[in-house]
Amino acid sequence: MYHFDWVIFFHYLWPVSAFQDPLIRNGLITTIVVSIVAQAMGVIFGLFAALGKMSKAPVAHWLAEAYIWYFRGTPLLVQMSLLFFGFGVIHLYDFPDIHIGLITITGAIQAGTLALGINEGAYMAEIVRAGIESIDVGQMEAAKSLGMTYGLAMRRIVLPQAAKVIIPPLGNEFNNMMKTTSLMEVISASELFFAFNEINARLFKPFELFIVCSIYYLVLTTVWSIIQARIESGLGERKAMEKNPGMLSRLFAAR
Amino acid sequence: MSVTMSTTFQPNSNNNQTVIVKAERINKSFGRLHVLKDIDLTVKKNEVVVVIGPSGSGKSTLLRCINHLEKINSGHIIVNGRMIGYYERNGRLVEESERNIARQRAEIGMVFQRFNLFPHLTVFQNIIEAPMNVRRSDRSAAEADAMRLLERVGLADKRDNFPSQLSGGQQQRVAIARALAMKPNLMLFDEPTSALDPEMIGEVLDVMKELAQEMTMIVVSHEMGFARAAANRILFMDEGRILEDTTPEDLFDHPREERTKAFLSKILH
């Protein structure tokens, strides 16, 4: 009969005691920050890849196609290893640690974030493209008939409308992203999963520690899904407001 | 005698001589479908030209070629003295840069069948969007213009509403105001009342009739009342050709072509 170590379990579950260990404290912060940065990169790469894919210029089109094809067609873990270990070996970029004041961004975190962001961009590309294509072509035509160039019409007219379509799947992508950052463990980027692995190497309590670790991720994704629901209902409300005039204005509307 | 003729006639005829649109031998195909066949069309300043014809006759395509929303396969269209969409290099036509096409389009207003207002912007923002971001006019001037235009189309009280809060007729009037905000010297109307409920057609046509007194307009529409009241010319198109080009009275009362008669009998009931 296995003796469940409640002391260790609660020590690492209870934030006040757990955060005394800098591994966990920094690991959690790293996971959150890397998720946000990689997702933001994913949105930017995805936007350009989507515009490239829709472009009539062959070079832009095929560059975007190749990017999406490669990064969706190979495992993220392989991409990350290639970027961190491979680029270091051929001295294309060694990923030296970056020091900003008291903060150190290790090479592993840089490479991991970059790999996550580029990989995410390939998936975001399809989401952004679907969002843009959901907007009636009449919008682009109206904008052009007013003298707007394609770029200006995209920026001012099409993308703001497409954003409403893009935001719900973007939220799901971010939820995934927070979990996927744990892959950075293989290149020794000190994020949350890495922290628990390190502690486990010291204490050898994998059952207790990885349950606690999963609870941390569960809290992150649950908190995010609550925020996401708020954002989406906010979007819904604004849509409803545009569609239906309020009760008062309906009662007193003079058409 | 000739002197008095010329003095009374000159200012008016001079004004009417300015050519706004000149299309020569334009052809347009969608794949194997030949939609426009050797179209010639000249529209002078302040003329109001109504285009009628059965669906698929090419009338909307003709309109869309005039502001280069559709590319033509051959021929050329001159708008405001400049070829639209293309320039000549070593005797061949090359498509203009996007920026130059946009510049040319800014001088041509267009009103669509389905309004195409920007749903994420208020009525007021819809109108000032292009003057501010394309013309780079300053905000106060753009806003003053927008307010004047909204009053002109009778919708000043709707300035802060979103398009989806307006009726179809109101949306189309906003769309007209939005196009006029760029101070175009040519307005294209692509079936502006076809998507409207019958009771809203009048309010849009009233705005168009008033505008017709001072604007060069090409209107694809089957509103015969509008054609009679406001048009100088009416074109009948069928199968990619202009079959008749005459005054509304002449066309309605003495149609020459059999196809015109058949078409008119269908739409006039």
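A, B, ... follow the sequence lines: proteins, then strands. Residue 1 opens every chain. These numbers were taken from a predicted model, which means no experiment stands behind them.
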Looking only at non-hydrogen atoms, find the nearest pair between L146(A) and A179(B) and report the distance. CD2-CA, 4.2 Å

Taking the side chain from S55(A) and the backbone from L51(A), do they hold a donor-acceptor pair closer than 3.5 Å? no

So what's closer than 4.5 Å to chain B heavy atoms on I157(A): side chain, backbone, both or neither? both

Taking the side chain from T216(B) and the backbone from N46(B), do they hold a donor-acceptor pair closer than 3.5 Å? yes

Given that the side chain runs from C-beta out, which part of N67(B) has a heavy atom under 4.5 Å from chain A: side chain, backbone, both or neither? side chain

Which atoms of A143(A) approach chain B - backbone, side chain, both or neither, heavy atom under 4.5 Å: both

Those residues that, when tested against R152(B), pass salt bridge (Lys or Arg N to Asp or Glu O under 4.0 Å) (two or more places apart): E210(B), E214(B)

Chain A contacts: which residues in residues 99-114 of chain B have a non-hydrogen atom closer than 4.5 Å to it? R99(B), A102(B), R105(B), A106(B), I108(B), M110(B), F112(B)

Top of G151(A), A153(A), P160(A), A142(A) for chain B proximity - count of heavy-atom pairs under 4.5 angstrom: A142(A)

Does Y86(B) reach the side chain of K71(B), with side-chain heavy atoms less than 4.5 Å apart? yes

Go through E129(B), M182(B), H68(B), R64(B) and name the one with the most non-hydrogen pairs under 4.5 angstrom from chain A. E129(B)

What part of L117(B) lies closer than 4.5 angstrom to a heavy atom of chain A: side chain, backbone, both or neither? backbone

Hey, is the main chain of R156(A) close enough, under 3.5 Å, to the side chain of H120(B) for a donor-acceptor pair? yes

Residue-level interface, residues 134-151 of chain B with chain A, non-hydrogen cut-off under 4.5 Å: V134(B)

Ring pair (Phe, Tyr, Trp, His ring centres under 6.0 Å) contacts in which one or both residues fall within residues 216-236 of chain A, not counting sequence neighbours: F174(A)-W224(A), F196(A)-Y216(A)

